[in-house]
Amino acid sequence: MATLHTVNKSPFATKALQSCLAHARDGDVILMIEDGVYGATAGTDLADVLAGHSALKIYVLEPDLQARGLDTGRLLDGVSTVDYAGFVDLAATTDRTMAWL
Amino acid sequence: MAYDVNGTTVEHDEEGYITNLSDWSEDLAKVIADQEEINMTDEHWAVVNFLRDYYEEYQIAPAVRVLIKAIKKEMGPEVGNNKYMYELFPYGPAKQACKIAGLPKPTGCV
Amino acid sequence: MSEDVKKFLYVNRKAPYGTIYALESLEVVLIGAAFDQDVSLAFLDDGVFQLTRGQDTTGIGMKNFSPTFRALGDYDVTKLYVERESLEERGLSADDLQEIMYEDEDDDWAEKPSIRIVSRAEMADIFAEQDVVLSF
């Protein structure tokens with residue numbers, strides 16, 4: 001009974017990612033899209049935001065990374081990329097989708 | 001577009017809902033009712049007054065089923081039922097009665 | 001309720017007047033109530049500010065829609081979950097929220113409170129029970 005959580009805001013602008021992580025349950029999936037992808041980058045002040053959430057599956061939407069000039073090499077450990085088709089698969093294989101606006 | 005109420009004009013939109021809710025008066029209600037071809041009886045006034053009170057308290061016009069449930073509770077099942085409400089206001093109790101009551105068109109009312 | 005009834009949760013995370021989200025959410029809830037689903041509302045993060053007492057918008061030229069929450073009971077929307085941690089982080093307690101009651105049809109129309117204060121962990125459980133989650 002997993003939930004797909006989408007986060008579309010930069011964690012430097014709002015607390016959507018932090019709130020999402022605080023409400024996600026083990027086995028849930030987090031997908032960072034739009035400005036949300038900044039939350040998946042290493043070497044930032046918020047790089048430890050995902051620490052302690054190893055029971056979650058964390059993805060970023062690759063076209064949004066690419067658009068912002070972020071190389072997949074900059075991603076935090078444990079973060080995977082998906083394309084649009086992968087986004088659809090995630091939505092289809094989880095029980096509900098919840099947007100953190 | 002405006003109604004003429006004893007010589008003063010009250011603005012309304014293209015569907016006949018008044019623009020400024022504080023322009024409402026019983027005389028205006030009668031003018032709008034005339035235009036809607038409704039002869040205002042005590043039952044009509046009870047519905048209109050209920051709508052005005054509801055809007056005053058909650059800042060929305062109630063949906064039809066909410067209106068009917070409330071009228072049923074207040075005035076009994078003879079008045080508070082769908083059929084009777086549509087006899088009073090043939091083009092829809094919420095829509096037509098709200099217009100006469102001087103309220104905005106109800107949310108979700110098509 | 002028939003088997004077609006699904007659990008719908010409207011998630012409110014924004015303060016009332018800075019953006020249009022809160023008002024839009026409330027309007028969607030009122031319209032959606034016509035579909036006879038099992039509807040709950042969740043208020044967390046800045047969304048808890050939507051329910052505070054004493055709102056008066058006369059000075060900002062916007063509609064004060066806080067009284068409209070008190071009409072939700074008429075629409076059979078009687079579960080308003082408010083997250084305790086979100087309140088506390090903002091220096092608020094349940095006493096700072098307006099009273100929202102509904103009449104319980106199955107209990108001789110007894111008046112009952114619609115607001116239920118829940119912990120963050122309980123809120124996460126509530127999310128996980130839903131069929132559909134609508135975010136605002």
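Chain A is the first sequence line, chain B the second, and so forth, proteins listed ahead of strands; every chain is numbered from 1.
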Is the number of heavy atoms from other residues, nucleotides or ligands within 6.0 Å of [atom1] ([X]) greater than 12?
X      : atom1 : result
A:D45  : CG    : no
A:K9   : NZ    : yes
A:R68  : CZ    : yes
A:K15  : NZ    : no
C:E111 : CD    : yes

A:A16 versus chain C, the contacting section by heavy-atom distance below 4.5 Å: both

Flag, side chain of C:R120 to backbone of A:H23, donor-acceptor distance under 3.5 Å: no

Give, as side chain, backbone, both or neither, the part of [X] having an atom under 4.5 angstrom from any heavy atom of chain A.
X      : result
C:L134 : neither
C:E85  : neither
C:F136 : backbone

Separation between CG of C:D45 and CG of A:L101, rounded to the nearest 0.5 Å: 11.5 Å

Separation of C:Q130 CD from A:T97 OG1 (nearest 0.5 Å): 13.5 Å

Heavy-atom pair count under 4.5 Å with chain A, highest-scoring of C:V11, C:L44, C:V133: C:V133

Residue selection (most heavy-atom pairs with chain A, distance under 4.5 Å) from C:L9, C:D125, C:D131, C:V132: C:D125

Mutual orientation of the aromatic rings belonging to C:F127 and A:W100 [parallel < 30°, tilted 30-60°, perpendicular > 60°]: perpendicular

Exercise: identify the closest heavy-atom pair between C:S135 and A:A99: OG-O, 2.6 Å

Nearest heavy atoms of A:R96 and C:A128, plus distance in Å: NH2-O, 2.8 Å

